[in-house]
There are 2 protein chains.
Amino acid sequence: MSYSYGTLRPMTTDTPARLLQLLSLLQTPREWPGGELADRLGVSRRTVRRDIDRLRELGYPVQATKGADGGYRLVAGKAMPPLVLDDEEAVAIAVGLRAGAGHAVEGVDEASVRALAKLEQVLPSRLRHRVSTLQAATTPLTSGDGATVAPETLTVMASAVAGQERLRFAYRSGDGTESRRLTEPYRLVSTGRRWYLVAYDLDRADWRTFRVDRVSDPLATGARFSPRELPTGSAAEYLRQSMYRRQETYEFDVTFAAPVEFVVARLPAWLGPPEPVDEHSCRLRATAGDSVEWLALRLALVDCEFTVHEPPELLGYVRELGERLTRAGKAPDRLTD
Amino acid sequence: MSYSYGTLRPMTTDTPARLLQLLSLLQTPREWPGGELADRLGVSRRTVRRDIDRLRELGYPVQATKGADGGYRLVAGKAMPPLVLDDEEAVAIAVGLRAGAGHAVEGVDEASVRALAKLEQVLPSRLRHRVSTLQAATTPLTSGDGATVAPETLTVMASAVAGQERLRFAYRSGDGTESRRLTEPYRLVSTGRRWYLVAYDLDRADWRTFRVDRVSDPLATGARFSPRELPTGSAAEYLRQSMYRRQETYEFDVTFAAPVEFVVARLPAWLGPPEPVDEHSCRLRATAGDSVEWLALRLALVDCEFTVHEPPELLGYVRELGERLTRAGKAPDRLTD
DNA sequence: CCCTATAGGTCAGATCATGTCCTATTCCTA
DNA sequence: TAGGAATAGGACATGATCTGACCTATAGGG
C-alpha cells in the first residue's frame, strides 16, 4: 500500500506540506500513535500535537484514544475533508463511476459525472491506461442497442458546463444527418438511462437538447461565455417539454403476478411505483424513453410472472426473447465433445 | 455549487488552510485568473503566485495560461492530489461504489472497497442518510438469490484488514448453523460476484474463509494484532483451494450462435473467453460460483441464440424463464381498463 | 501501581510569510 | 502592428509564526 503524498517526500520543512501529509496518513483507517507520526513527518512530538490541533481547528475531527495503545484517527465530521487516494483506489473510483454513468440513480447522476470530471482532470496518465483497460473489461448492462455513452464525452461536457466554456461537437440527429455544432452548454440531464445536454446552439441561435450518445468528438474551445437565461425554468423541465414535443417516449403497461413491494424492489425507482391490483398482483403504467429491448430485460429481471399490455413492440420482443430462451433450454443435440 | 472548505472560512490568516482552500478551488474544472483567486482567498496577488509555486513544489501540476484571458488550472500530474469533493459528489461516489460492490470488475474490487471504507470513515453523518436512502432506490442487478452483501459489512471488514484490528462477527454456515467468530482478518477477496474474507479464526486456531453474505454484525474490536503468515501464498490462492475442497463451484458449457468477439463483449471478463467453433459460433466452458439464475440472465443479456449443454440445473432454469416470457408475450386477456 | 499514551502551557530563537514595489514575457485583440 | 492583460519572479522590510525543549495534568490497560 503506497500513500503517494505520505511517503514521497520524507524530508520537508514546509508546514503546509506536512499538514497535507498528516491528513493523508490519518485517512488510513487505523490508529496512529503520536510518536510514529512524529517519526514519519520528521518533527517533534509536540509539533505533531500542534498540527493535530490545527487540523481540528480547520474542521477535521481527529479523534484521540488516550491511555496505552492509544493514538489518533480521523472520524466523520461536518464537512468532507480532502480525500487522499492511492493509485488503486483512484482507479477503482474512476472505473466505478464510469460504469455507473450508463444506468445511474436519479438525483446522483450529474453529481457523479461532476465527480468523475474532477477526478479525471487530475488523474495521472499512467492510471488513465488502467482505467480504460479495466473499463473495457466491464460488461455494461445495456442490451446492445448501441446507444452507449462514452464516459469521456460526459466528462468533457461536464467540465464545459462547470467552466462555462463553449463546446463544439459533431452530432448525428435522429434521421441520420450529421452536423457540427457550436454551443454554450447549460446543463447535463439524465432520464432513466439516457443522457441529454441542454445547450444554446450558437449557429441556430436558439436552445436545443442533444442526446449525448449521438455526440462525437466533443471539444471545449476554451472560450468563456456568460450563461444565458433558459426560457423555461429548469433544464430538466425544458428537456421534458422537448422530448414530449418530439414524441421520443412511449407508454407501456404491464401487470405483474407479484405484490407491489416485490416488484418495486426489483425495478429502477424512476419508473415509479406500480399500483396494486390485488394482494398478489400489481400493474405498472409508465413512460419510458429507452429501447423496448432494455425494458424487456428489466422486466425479466423482476423474476415473477407478468403480462404485457402495451406497447405492441414490447409484446413482440418479449415473445421473441421467450422463444429464444425456450430454444436454448431444449435438450441439446450433443455436439462433438 | 458549494465548496465547503472554499467558502466556509473567508477570513483566515492561516497559510496551510489557505493552501487547502486553493487546492479545492483549483479542482473545479475551469480557469481561475489570479485576481479572482486573490479576492477569494483574501490575500494579495503576489501571495497567490507564491502559493501556486508552493503547490507546484508539492507536486501538484498547476498549469497557467499566459496572456489575456489566462488563468490557473490543475492538470494531471504524476501522483493523485487529494480530491476535494462537495457534498453531492461525495454522495455520488459513495452510492456508485456501493452499487458496484456487488458485481465488481476483477482487479478493482478490493481497491474499490478500500476506497469506500476511506470515504465512509469521514463522510459527514447528514450525508450518510442520503447515501443509504439513495442506495435503497438503486436496483441491484442481482437476480434475487438473497445472497446480497451489505456495503457496511464490506467497509467494516476492509477497515479491520487495513488497520490490523481483530474482527468479531456472527456467521451462518452453509448448513444453516449460526456461530460467533473472533478472527484476525487477513484479506478480502471477490470472485465474480461474491465476496470472501480470508481470516485466522482465533477460536478454531486455524485459517478459514467466510462468505461475506453470510456474515452479520461485524465489529472491529479495536485490539491490534501482528499479521500471521498465510500458509498458502496469496489470499486468492488460498480461497481457490478452499472453494475447490468444498465443491462450491460448478462447471457450465454453452454454445453461442455468434462470433467470439460479439459474445466476449457482452459477458463479464472473468468468465474467460469462449473458444471459437466456426466463424459464426463459439463455445464457452467455464466454472461459476454463482447461482444458475444469475448465470441464465447473464446469458440472456448476450442477445443471441445459444444452447445450454451443462449443467442440467441451468438448462432447467433457462427453459423456465423462456416459458415465463412466452406466457408474458401472449396477447393479453384485456383487463378492466 | 506503573507505564504509556494524549493534552496543553510557556519561552526563546529562528524561520517564514506577507505586501509593496519592480521588470520580463507571452498571448489575444483591436 | 501596437496595446492591454495576464503570468512570472526578484528584492526587501516588517511582523507574525513556527519549532523544540522544557514542564505538568490526565486517562486507560495490564
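Lettering follows sequence order; numbering is per chain, from 1.
Partners of Phe210(B) according to the ring-ring contact (aromatic ring centres under 6.0 Å, His included) rule, which considers only residues two or more places apart in sequence or in another chain, are Phe169(B), Tyr171(B). Legend: residues meeting side chain to side chain donor-acceptor pair (under 3.5 Å) with Asp201(B), ordered by chain and number and at least two apart, are Arg181(B). Glu31(A) is linked by a side-chain contact (heavy atoms from CB on, under 4.5 Å) to Thr65(A), Arg73(A), Arg224(B), counting only residues two or more places apart in sequence or in another chain. For Tyr72(A), the ring-ring contact (aromatic ring centres under 6.0 Å, His included) criterion is met by no residue, not counting sequence neighbours. With sequence neighbours left out, the ring-ring contact (aromatic ring centres under 6.0 Å, His included) criterion links Trp32(A) to no other residue. Under the side chain to side chain donor-acceptor pair (under 3.5 Å) criterion, Ser216(B) pairs with no residue, sequence neighbours left out. Residues satisfying the side chain to side chain donor-acceptor pair (under 3.5 Å) criterion with Gln27(B), sequence neighbours excluded, are absent altogether. For Ala235(B), the side-chain contact (heavy atoms from CB on, under 4.5 Å) criterion is met by Tyr186(B), Arg187(B), Val189(B), Val198(B), Leu230(B), not counting sequence neighbours. Scored by the side chain to side chain donor-acceptor pair (under 3.5 Å) test, Gln164(A) finds no partners at all (sequence neighbours excluded).
Residue Thr15(A) has a polar side-chain atom (N or O) positioned under 4.0 Å from OP1 or OP2 of dT19(D). At least one side-chain nitrogen or oxygen of Arg54(A) sits closer than 4.0 Å to the OP1 or OP2 atom of dT19(D).
The interatomic distance linking Glu57(B) (CD) with dA8(D) (C1') rounds to 14 Å, in whole Å. The distance between atom CD of Glu36(B) and atom C1' of dA5(D), rounded to the nearest whole Å, is 15 Å. Atom CZ of Arg45(B) is separated from atom P of dC22(C) by 16 Å (rounded to the nearest Å). Between Leu55(B) atom CG and dA17(C) atom P there is a gap of 13 Å when expressed in whole angstrom units. Atom pair Gln63(A):CD and dT6(C):P shows a separation of 13 Å (rounding to whole Å applied). Between Leu41(B) atom CG and dA17(C) atom C1' there is a gap of 15 Å when expressed in whole angstrom units. If you measure from atom CG of Leu19(B) to atom C1' of dA17(C), you get 11 Å, rounded to the nearest angstrom. The distance between atom CG of Asp53(A) and atom C1' of dT19(D), rounded to the nearest whole Å, is 15 Å.
The residue among Ser44(B) and Val62(A) whose nearest nucleotide of DNA chain C is located toward the 5' end is Val62(A). Each of Thr47(A) and Tyr72(B) lies near DNA chain D, and the nucleotide nearest Tyr72(B) is the one positioned closer to the 5' end.
End-to-end axis angle of the helix from dC1(C)-dG30(D) to dA30(C)-dT1(D), from C1' rotation axes over five pairs per end: 60° (rounded to 10 degrees).
Relative to the side chain of Asp51(B), the nucleotides dT7(D), dA7(C), dT18(C) differ in distance, and dT18(C) lies closest.
Checked for salt-bridge contact, Arg126(A) and Asp87(A) meet the test: a charged N lies under 4.0 Å from a carboxylate O. Look at Arg172(A) and Glu178(A) and you find no salt bridge, because none of the NZ, NE, NH1 or NH2 atoms lies under 4.0 Å from a carboxylate O.
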Got a list of protein N/O to nucleotides 9-14 of chain C N/O distances below 3.5 Å?
| unit_1 | atom_1 | unit_2 | atom_2 | d |
| --- | --- | --- | --- | --- |
| dG9(C) | N7 | Arg46(A) | NH2 | 3.3 |
| dG9(C) | O6 | Arg46(A) | NE | 2.9 |

Below 3.5 Å between N/O atoms, which protein atoms pair up with nucleotides 25-30 of chain C? Just atom names and distances, please.
none

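For Arg45(B), the CZ atom counts as loosely surrounded, since its 6.0 Å shell holds 12 or fewer non-hydrogen atoms of other residues, nucleotides or ligands.
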